[in-house]
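Since this is a predicted model, take the numbers as computed values, not measurements. FYI, side chains are in, hydrogens and waters are out, and symmetry mates aren't considered; it's all heavy atoms of this structure.
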Amino acid sequence: YGLIYSGIYNSNSGVNSLNQFIAAEKITKDINPTHGSIQKLYAGWGKGGSLIALCEDRVLNILANKDALYNADGDTNITSTNNVLGSATPYAGEFGISRNPESFASESYRIYFTDKVRGAVMRLSQDGLTPISDAGMKDWFRDNLKLSNKLIGSYDSRQSEYNLTLQETTENIAKSVSFKEDVRGWVSFKSFVPENAISCANEYYTFNNGLLWKHHDESEDRNTFYKGYPSSGFTPSSINVILNDQPGTVKTFHTLNYEGSQSKVDSFTNYSTYLPGTTIPKPNGNVYKKENGLTT
């Protein structure tokens, strides 16, 4: 429930005291034990470069003064300070990362993680903590997060999506689900289930069976992941339409209109012609008989 830090490092002056832990100096920062253990640390948050500590039950903002040696008043005098880590202030909202630091993912000024105990998926941004699981998926996450011991979070910088993989769901299968900021909602379930994932140089990579796989490759078939492995294969796309514009009103639909191009056209693969007087086989073994253009 606390932090311990070494001496300072200053590349400009050649000072490197990272291997020094002097007990006589104040080199510890204690955290309120009621917040639970620290599961994840994220440095460089915000304009001031604060340190974010994600505990089991709370998320803390710790002021960090990274320049322990600095010029005071603009002159040549060097002033030192032992205030490396300042006050720890919890964000509003009783949410933490539980014991799933693997669900953490960051992008620019946003942080995504899960709170398994409270059945929520959280986002930390400049406006504080927000439960993004409430965007149409509150009940689903409340039922499924508690079933998985491992919740793998990653950010796809190419598609601007936060991908969360659940190793176990109510359907007894692993699933990945994606959240997108521009629509402020969960846009899709994904058929790939990675062991880990990362974005690098605007490309998205996942690990499966100990191997590194690159996504969004135009030379490969769509909806096909981890080709050549038992868990791989093509998964057809599907969509569930909710015809309830006003959830508080019970409605009966008598007519449904569709506007758009024809989605699927079945082409003829083979056909047969029958002359009058010939018999046409039936699936049950009987036959049709065609006489003078009439079929009996």
(Q) For G96 versus V59, what's the shortest heavy-atom pair and its separation? (A) CA-CG2, 4.4 Å
Q.
Go through it in stages, so that I can follow the logic: the residues are Y204 and N163, the test is side-chain contact (heavy atoms from CB on, under 4.5 Å), and I'd like the CA-CA distance, side-chain angles, deciding distance and then a yes or no.
A. CA-CA 11 Å; Y204 185 62; N163 295 328; 3.2 Å; yes
Q) Do you know which two heavy atoms are closest between H216 and Q159, and how far apart they sit? A) CE1-CG, 3.4 Å
Q: Compute the ring centroids of F225 and H215, then answer whether they are less than 6.0 Å apart.
A: yes
Q: For side-chain contact (heavy atoms from CB on, under 4.5 Å), just list the numbers for F234 and D221, CA-CA rounded to whole Å, side-chain angles, deciding distance to a tenth of an Å, and then say yes or no.
A: CA-CA 8 Å; F234 173 79; D221 297 332; 5.8 Å; no
Q.
If the condition is salt bridge (Lys or Arg N to Asp or Glu O under 4.0 Å), which residues does E220 pass it with, not counting sequence neighbours?
A. K227
Q) Does E107 have any salt bridge (Lys or Arg N to Asp or Glu O under 4.0 Å) partners at least two apart in sequence or in another chain, and if so, which? A) R110
(Q) Is there a side-chain contact between N202 and S157 in this structure, where contact means two heavy atoms from C-beta onward sitting under 4.5 Å apart? (A) yes
Q) Got a sec, which hydrophobics cluster with V187, joining ILVMFWY side chains under 4.5 Å apart, including via others? A) V183
Q. Do you know which of L60, T34, N32 makes side chain to side chain contact (heavy atoms under 4.5 Å, CB included) with C55?
A. L60
Q) Checking S133 side chain against A120 main chain: does a donor-acceptor pair fall under 3.5 Å? A) no
Q. Can you tell me how far the CD1 atom of I31 sits from the CD1 atom of I38, to the nearest 0.5 Å?
A. 5.0 Å
Q | S98-N100 side chain donor-acceptor pair, cut-off 3.5 Å | A | no
**Q.** 4.5 Å side-chain heavy-atom contact, E94 and R58
**A.** yes
Q: Evaluate the side-chain proximity of L54 to F104: yes if any heavy-atom separation is below 4.5 Å, no if none is.
A: yes
(Q) Do V193 and W213 sit in one hydrophobic cluster, given that two such residues count as connected whenever their side-chain heavy atoms are within less than 4.5 Å of each other, even indirectly? (A) no
Q) Hey, does L41 have a side-chain heavy atom less than 4.5 Å from the side chain of I62? A) no
Q: May I ask you to test the S160-E181 pair for a side-chain heavy-atom distance under 4.5 Å?
A: no
Q. Residues in side-chain contact (heavy atoms from CB on, under 4.5 Å) with T170, at least two apart?
A. D143, N144, L147
Q. Among side-chain atoms of N223 and S191, is any donor-acceptor pair under 3.5 angstrom?
A. no
Q.
Could you work out, with side-chain contact (heavy atoms from CB on, under 4.5 Å) as the rule, every residue matching D57, not counting sequence neighbours?
A. R118
Q. Using a side-chain heavy atom cutoff under 4.5 Å and only I, L, V, M, F, W and Y, what cluster partners does Y109 have?
A. none
Q | All side-chain contact (heavy atoms from CB on, under 4.5 Å) counterparts of K150, not counting sequence neighbours | A | E102, I152, Q167
(Q) Test of understanding: with salt bridge (Lys or Arg N to Asp or Glu O under 4.0 Å), list the residues that count as partners of D127, not counting sequence neighbours. (A) none
Q: For T114 and S103, indicate whether the former's side chain and the latter's backbone hold a donor-acceptor pair under 3.5 Å.
A: no
Q. Quick one: hydrophobic cluster around F189, which other residues, with the 4.5 Å side-chain cut-off, linked directly or via members?
A. Y112, V121, I132, M137, W140, F141, L145, L151, Y155, Y162, L164, L166, V177, F179, W186
Q) How long is the span from the OH atom in Y226 to the CG atom in L211, to the nearest 0.5 Å? A) 10.5 Å
Q: Identify the heavy atoms of A92 and L129 that sit nearest to each other, and give their distance.
A: O-CD1, 3.8 Å
Q) Applying the 4.5 Å side-chain criterion to the ILVMFWY set and letting contacts propagate, would Y91 and Y42 be lumped into a single cluster? A) yes
Q. Under the 3.5 angstrom rule, does the side chain of S148 hit a backbone N or O of E168 as a donor-acceptor pair?
A. yes
**Q.** By salt bridge (Lys or Arg N to Asp or Glu O under 4.0 Å) - contacts of E25 (at least two apart)
**A.** none
Q) Measuring from D182:CG to K180:NZ, what's the distance to the nearest 0.5 Å? A) 5.0 Å
**Q.** Point-to-point distance, once rounded to the nearest 0.5 Å, from CD1 of I97 to CZ of F113
**A.** 6.5 Å
**Q.** S6 OG to I27 CD1 distance, which is reported to the nearest 0.5 Å
**A.** 8.5 Å
Q: Please identify each residue that fulfils side-chain contact (heavy atoms from CB on, under 4.5 Å) with N149, with sequence neighbours left out.
A: K116
Q) Once you round to the nearest 0.5 Å, how far does OG of S188 lie from CD of E161? A) 7.5 Å
Q) Y205: which other cluster members, linking ILVMFWY side chains closer than 4.5 Å, directly or transitively? A) I198, F207, L212
Q | Joint cluster assignment, F95 & V117, ILVMFWY side-chain distance < 4.5 Å | A | no
Q: Give a yes or no on whether the backbone of S219 and the side-chain of D217 come within a donor-acceptor separation of less than 3.5 Å.
A: yes
